[in-house]
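First the structure, in the form of structure tokens, and then the observations on it.
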Amino acid sequence: MERKRGRGLLMRIQYVLNEAFNNIRRNPLVVVGAILAVFITLFLVFATLIAGEIARVNTLRWTDDVRVIAFLDDDADVDTLRADIESWVEVEEVFYVSKPEAYEEALELLADQQTVLETLQDAPEIIPASLRIKPVEIGEYDVIENRLQNMIGVFSVESADAAIDAMNSIRGTLQTFSLALAIALGVAAVALIANTINMAIYARREDLEIMRLVGAGNWFVRTPFLLEGVIEGLLGGAVAVAVIVGLYRLGLGSLETVEIITLEVDSEFLFTFGLLIVTFGAIVGLIGSGVSLALNRYIRS
Amino acid sequence: MIRLQNVTKVYEGNVIASKDVTIEISRGEFVFLVGPSGSGKSTLLRLMMREEKPSNGDIWVAGKHASGMPGWKVPHLRRSIGTVFQDFKLLPTKTVYENVAFALEVTGRPRHVVRSQVPQVLKLVGLSSKADRYPRQLSGGEQQRVSVARAFVNRPLILLADEPTGNLDPATSVGIMRILDRINRTGTTVVMATHDHAIVDAMRRRVVQLERGRVVRDQSRGVYERRTEPASGPPLPPSEEPVVTPPPPEPEIAKVEDAAPTEEFKAWSESGGEAS
């Protein structure tokens, strides 16, 4: 009666898979409940992640354009001012836009507004020269703004501050929210998976008793239940990703008209985080079945 | 093969199930544990199969320190122990063949082992022709034979049987006993808890009598009730509840040749097993 490890192992794998799928088939309603719980959890988490990403992409996009603009007096000493500002640690880059350049820019910007354009053409000298300053960090624009206001040769300072603040705060809130949500719903999903596994164990208590009596290995007894949990978690995660991506694509088509905000998210982002969500589902399933196995009296040896 | 050293088992609520039990059982022995209900027979069996840990004392089974091993090592110990119970514990959704094969499959034996061992052991218990039946289609005696087949298919060193004939009529019981005897003759140590006077008296094997958790008699080639000879254990205290069950009429072995005995089996019975 020598043991042939290889074939025995193959039989074990086959057995474990069979058992896991049989358990799922035996109790479809409860299993669907658990999958739904994982689905809802991960749906919300993924949705928040995408919303957060949209906020991030938009802040970034604006950040890219963000210049604190210092409008200069006509008699300002441009070179000194520029050298001075460039030396500040908060400042990444400084561009000088001369009066003629500013005039050209204005003509372009106002091309469709005939009356304003005509006024402008009558008095090209009213468009001031300016220094456009790019901060190192988006958050530092207000420090720069304050310092500029007190400088000689600067008559006015402007920046897109309110919008940036709003966007940053939305992002922060979203991140906290999604984390809290993930934890709370994750716990619920774990509990529901543990419940299905408990029911599967109960349905098989006679088999388990005999398995224990004849000396089936602990892992041999447990793996089918662990696998069942993982399969349920994976399914929940996969459905969440599929639904989110579907809805997102659908929504993107109808909402594209909103201009200031891009709703577009990298498909690479969707892919990476989709995978992450599915993995997360599997982990939730594994923890759920692990909890059940650790506490179930028909399993403990 | 099995050694219990000053074993005491106290259940919750101060229920003493075993008290200072010391027994040594050698390889190949056939031992009856007898005594009234609640005398601690089942507890001793459960301790031997490591379903329970003793409150005190040490237990060695098949060369392993059963009372001291961690839980994760228990499956390995169980593979050298076959178990049979009064209520058969067969899986109703599996056929006879599948029930027996289950014991091999769940311990990870390769398919070819299952294919060769299961028919062999079914032949031993005389159920080859009923391999595809379900437990509910079998008589009690047949179900118990399936259960014995499952316990023995692993070729364990030890077979522990807890009232295996408790649910069976005397004639059917004899059938089971012949199988257990046959298994014992292959060198397997058999420990059986029983109430059945007729069987114990007919088999004339070692008898360990328990009363309120204590060993009150340990006698080789003994009978169910102590008659004249002194026990090797402590003197028997005055019995409060005398064993009342009158011994059933001596079963006639010749009548129990049901269920198509195998060639092997016939040869054994003709050679005159100890039970007859």
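Chain A is the first sequence line, chain B the second, and so forth, proteins listed ahead of strands; every chain is numbered from 1. These values consider heavy atoms only, across backbone and side chains, with no hydrogens, waters or symmetry-generated copies.
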Sidechain N-carboxylate O distance under 4.0 Å for A:Glu209, B:Lys89
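The answer is yes: the pair qualifies as a salt bridge.
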
Worked verdict on A:Val214 versus B:Arg78 for side chain to side chain contact (heavy atoms under 4.5 Å, CB included)
CA-CA 6 Å; A:Val214 300; B:Arg78 294 272 168 81; over 6 Å; no

Over 12 foreign heavy atoms within 6.0 Å of [atom1], [X]:
| X | atom1 | answer |
| --- | --- | --- |
| B:Tyr11 | OH | yes |
| A:Arg205 | CZ | yes |
| B:Met1 | CE | yes |
| B:His76 | NE2 | no |
| A:Phe280 | CZ | no |

Does the side chain of B:Pro92 reach to within under 4.5 Å of the side chain of A:Glu206, using non-hydrogen atoms?
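Yes - at least one pair of side-chain heavy atoms lies under 4.5 Å apart.
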
Got a second to check how far A:Leu213's CG is from B:Ile81's CD1, nearest 0.5 Å?
10.0 Å

For the pair B:Arg79 (side chain) and A:Gly215 (backbone), establish whether a donor and an acceptor sit closer than 3.5 Å, ignoring hydrogens and angles.
yes

List the atom of [X], the atom of [Y], and the distance in Å for their closest heavy-atom pair.
| X | Y | answer |
| --- | --- | --- |
| A:Asp207 | B:Phe102 | O-CE2, 3.9 Å |
| B:Thr107 | A:Ala216 | CG2-N, 4.0 Å |
| A:Gly217 | B:Pro75 | CA-CB, 4.1 Å |

Is B:Pro156 in contact with chain A via its backbone, its side chain, both, or neither, using a 4.5 Å heavy-atom distance?
neither

Evaluation steps, side chain to side chain contact (heavy atoms under 4.5 Å, CB included), between A:Gln14 and B:Arg111:
CA-CA 12 Å; A:Gln14 200 187 344; B:Arg111 209 180 297 251; 3.1 Å; yes

Using a cut-off of under 4.5 Å on heavy-atom pairs, state which of B:Lys94, B:Glu51, B:Arg150 scores highest against chain A.
B:Arg150

